Amino acid sequence: MGLKLFNTLSRSVQDFTPLDPAGKKAGMYCCGPTVYDFAHIGNWRTFVFGDLVRRYLEFKDFQVTHVMNITDVEDKIIRRVRETKTSLREFTGKYEAAFFEDLKALNCLSPHQTPRATEHIPDIIALIEKLVARGMAYQNIDAVDCSVYFSIDKYRGCGCKYGQLLKLDLAKLRPNERVLTDEIELDKDYVADFALWKARVPDDGDVFWPSPFGEGRPGWHIECSAMSMKALGETFDLHLGGEDLKFPHHEDEIAQSEGATGQPFVKYWLHGAHLLVEGKKMSKSLGNFFTLRDLLAKGFTGREIRYLLLTAHYRETFNFTIEGLQGARTALARIDECVGKLREFGAPVSDPARSEVSKHAGAETGAPVLQEFSAAMDDDLNISAAWAVVFDWVRDMNRRLAENSLFAADAATALTGWEKIDSVLGIGAKSGTEVPAEILALAEARTAAKQAKDFKRADAIRGELKAKGWVVEDTPKGPKLKKI
Ligand code: AMP
Ligand code: ZN
């Protein structure tokens with residue numbers, strides 16, 4: 001079965017077919033952090049969702065180019081730079097470094113490219129110039145505010161559609177009504193021309209760049225259009241973000257990009273639902289505002305937090321609770337215990353008869369769990385169904401281990417299957433004691449000596465193993481290695 005994803009653009013679940021004619025490469029852009037503070041657990045839900053999409057595409061053998069921008073210049077940042085009396089780079093550098101540390105703590109794969117807005121000012125200016133040349137952007141030179149705005153009216157006049165992601169009431173659009181701010185929070189339906197280039201004002205301090213439109217800085221929306229198209233081309237496969245970004249951020253990205261190129265901008269738009277904490281919107285005054293660091297300081301691990309963030313379907317609002325984190329610990333312990341036992345059990349077996357049986361049984365333990373996992377994930381990343389597959393597998397493995405009906409090769413096949421599944425989930429499993437290759441080789445040699453009835457040599461190898469700190473036990477399931 002092929003991968004299906006809910007595309008906000010078509011408001012339906014669609015087959016995922018990349019633009020690459022060979023069907024192999026997939027370009028994916030995730031709106032990244034605004035580095036004015038530590039990212040909170042809600043932000044992390046969205047970033048971990050991006051990581052899941054990338055990992056699952058790779059599981060399906062797509063060659064993914066994953067791009068995540070760093071928004072290092074916008075209104076909130078400038079305000080904080082002013083308040084803290086620091087330089088822009090000094091201020092954003094601290095939160096950017098924290099972001100990458102947190103990304104690692106949650107075992108998210110590093111995006112292939114993480115462009116900073118401040119390092120793409122020439123690309124941004126070139127894109128605005130294109131829009132000016134096509135008559136879709138304007139500047140009121142004689143006005144007090146000399147910012148450059150995107151004209152929704154002109155864009156629509158060229159046959160383009162504004163409001164592709166959300167159904168907007170365009171009757172509310174009044175010509176020449178403009179907003180300088182990047183975020184429309186109060187009235188989601190409020191449509192107005194938005195700033196592409198914000199003219200320098202005294203409050204901006206040192207944060208400005210020269211441009212053909214005068215000194216100033218880019219608007220937030222144009223940053224993402226310029227950086228995504230530079231990295232992935234005028235049309236690319238996937239664009240992700242939290243649901244709050246649909247409007248105006250993503251709607252405006254589409255308008256700017258399609259207005260400038262005349263090409264479709266993105267094939268699949270994916271939006272993750274928000275996270276609530278203890279049933280409420282996070283806020284500092286409610287005391288339910290957690291950064292990742294707050295939770296690590298409470299003694300939870302990045303692995304437990306990642307697990308919890310991955311338990312709910314990405315399109316469902318998720319209620320994050322401390323109790324849930326405790327539950328995550330228990331669930332992970334079940335996986336760890338099972339995987340630990342399988343690892344211990346997967347020690348070398350050189351009995352040809354047992355290997356024969358194992359080959360057959362192995363086919364039952366490795367492949368089906370992978371197929372079931374993949375069928376669940378293909379269905380618009382149905383992670384709850386995927387976890388159900390994992391825990392059914394854990395139960396089944398535990399039962400078979402207890403009944404002695406599992407062969408060592410089955411355990412090895414099962415582990416290979418688990419590792420492939422975990423390449424998507426990224427929760428790992430604490431490894432038991434790893435057996436060094438040299439010790440494994442000695443154990444194999446001892447089994448071979450026993451089969452050849454060379455008991456003297458078998459005993460000598462046992463002594464050698466002991467000297468190296470390992471004891472070998474013969475069990476009905478085959479030899480087992482233990483560290484002394
Ligand atoms: P920001 O750093 O504010 O630009 O946000 C980074 C990402 O976090 C964006 O994709 C937002 O949509 C997302 N986001 C913000 N708040 C939440 C939340 N409570 N739950 C899930 N995602 C969120
Ligand atoms: Zn963006």
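This structure is a prediction, so every number in the text was calculated from the model and none was measured.
The only option from F47, F38, Y36 that meets the ring-ring contact (aromatic ring centres under 6.0 Å, His included) definition with F99 turns out to be F47.
A salt bridge is defined here as a Lys NZ or Arg NE, NH1 or NH2 lying under 4.0 Å from an Asp or Glu carboxylate O, and R116 with E96 meets this definition. Salt bridge annotation for K76-D37: absent, with no cationic side-chain nitrogen under 4.0 angstrom from a carboxylate oxygen. Classification of R303 and D336 as a salt-bridged pair holds, one side-chain N sitting under 4.0 Å from a carboxylate O. At a threshold of 4.0 Å, the pair K298-D294 does not count as salt-bridged, since none of the basic side-chain nitrogens sits closer than that to a carboxylate oxygen. Between K480 and E473 no salt bridge is recorded (no basic side-chain N to carboxylate O distance below 4.0 Å). Electrostatic pairing of K456 and D459 does not count as a salt bridge here, judged by no charged N lying under 4.0 Å from a carboxylate O.
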> Between R306 and D51, does a salt bridge (Lys or Arg N to Asp or Glu O under 4.0 Å) hold up when you go through it step by step?
Replying inline: CA-CA 11 Å; R306 180 182 174 94; D51 182 62; 2.8 Å; yes

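When only modelled atom types and interatomic distance are considered, H66 and Q113 share no side-chain donor-acceptor pair under 3.5 Å. Between the side chains of S225 and Q256, a donor-acceptor pair is found at a separation under 3.5 Å. Side-chain contact of N319 with T321: a donor-acceptor pair under 3.5 Å is absent, judged by distance alone. A donor-acceptor contact closer than 3.5 angstrom links the side chains of H250 and H271. At a cut-off of 3.5 Å, with distance as the only test, a side-chain donor of E258 or Q164 sits close to an acceptor on the other residue.
Rounded to the nearest 0.5 angstrom, L19 CG and L238 CG are separated by 9.0 Å. Atom OG1 of T413 is separated from atom CZ of F407 by 12.5 Å, given to the nearest 0.5 angstrom. Of the inter-residue distances, the one linking E316 atom CD with T311 atom OG1 reads 10.0 Å to the nearest 0.5 angstrom. To the nearest 0.5 angstrom, K24 atom NZ is 11.0 Å from K60 atom NZ.
Under a 3.5 Å cut-off, the side chain of D237 and the backbone N or O of M28 do not form any donor-acceptor pair. With hydrogens and angles disregarded, no donor-acceptor distance shorter than 3.5 Å links the side chain of R54 to the backbone of V64. At least one donor-acceptor pair closer than 3.5 Å links the side chain of E251 to the backbone N or O of G163.
Residues A443 and L481 come closest through the heavy atom pair CB-CD1, 3.9 Å. L308 and L325 get closest at one heavy-atom pair: CD2-N, 3.6 Å. Considering all non-hydrogen atoms of both residues, F49 and G272 come closest at CE2-N, 3.7 Å. Looking at every heavy atom in both residues, L342 comes nearest to A414 through CD1-CB, 4.2 Å. Between H112 and E58, the closest heavy-atom pair is CE1-OE2, 4.2 Å.
Looking only at side-chain heavy atoms (C-beta outward), E74 and T34 come within less than 4.5 Å of each other. A heavy-atom distance below 4.5 Å is found between the side chains of F59 and F373. Within the 4.5 Å cutoff, the side chain of N382 has no heavy atoms near those of the Y314 side chain. Side-chain contact check for D380 versus L3: every heavy-atom pair is 4.5 Å or farther apart. A 4.5 Å side-chain heavy-atom check between F16 and K4 finds every atom pair outside the cut-off. Contact annotation: the side chain of D410 approaches that of R400 to within less than 4.5 Å [non-hydrogen atoms, C-beta and beyond]. Side-chain atoms of T317 and L276, non-hydrogen and from C-beta on, do get closer than 4.5 Å to each other. Inter-residue side-chain proximity for C30 and P111 is flagged as unmet; no heavy-atom pair is nearer than 4.5 Å.
Atom CD of E323 sits in a sparse spot, with 12 or fewer heavy atoms from other residues, nucleotides or ligands closer than 6.0 Å. The environment of NZ in K25 is sparse: at most 12 heavy-atom neighbours from other residues, nucleotides or ligands sit within 6.0 Å. Within a 6.0 Å sphere centred on NZ of K230, other residues, nucleotides and ligands contribute 12 heavy atoms or fewer. Other residues, nucleotides and ligands contribute at most 12 non-hydrogen atoms within 6.0 Å of the CZ atom of R457.
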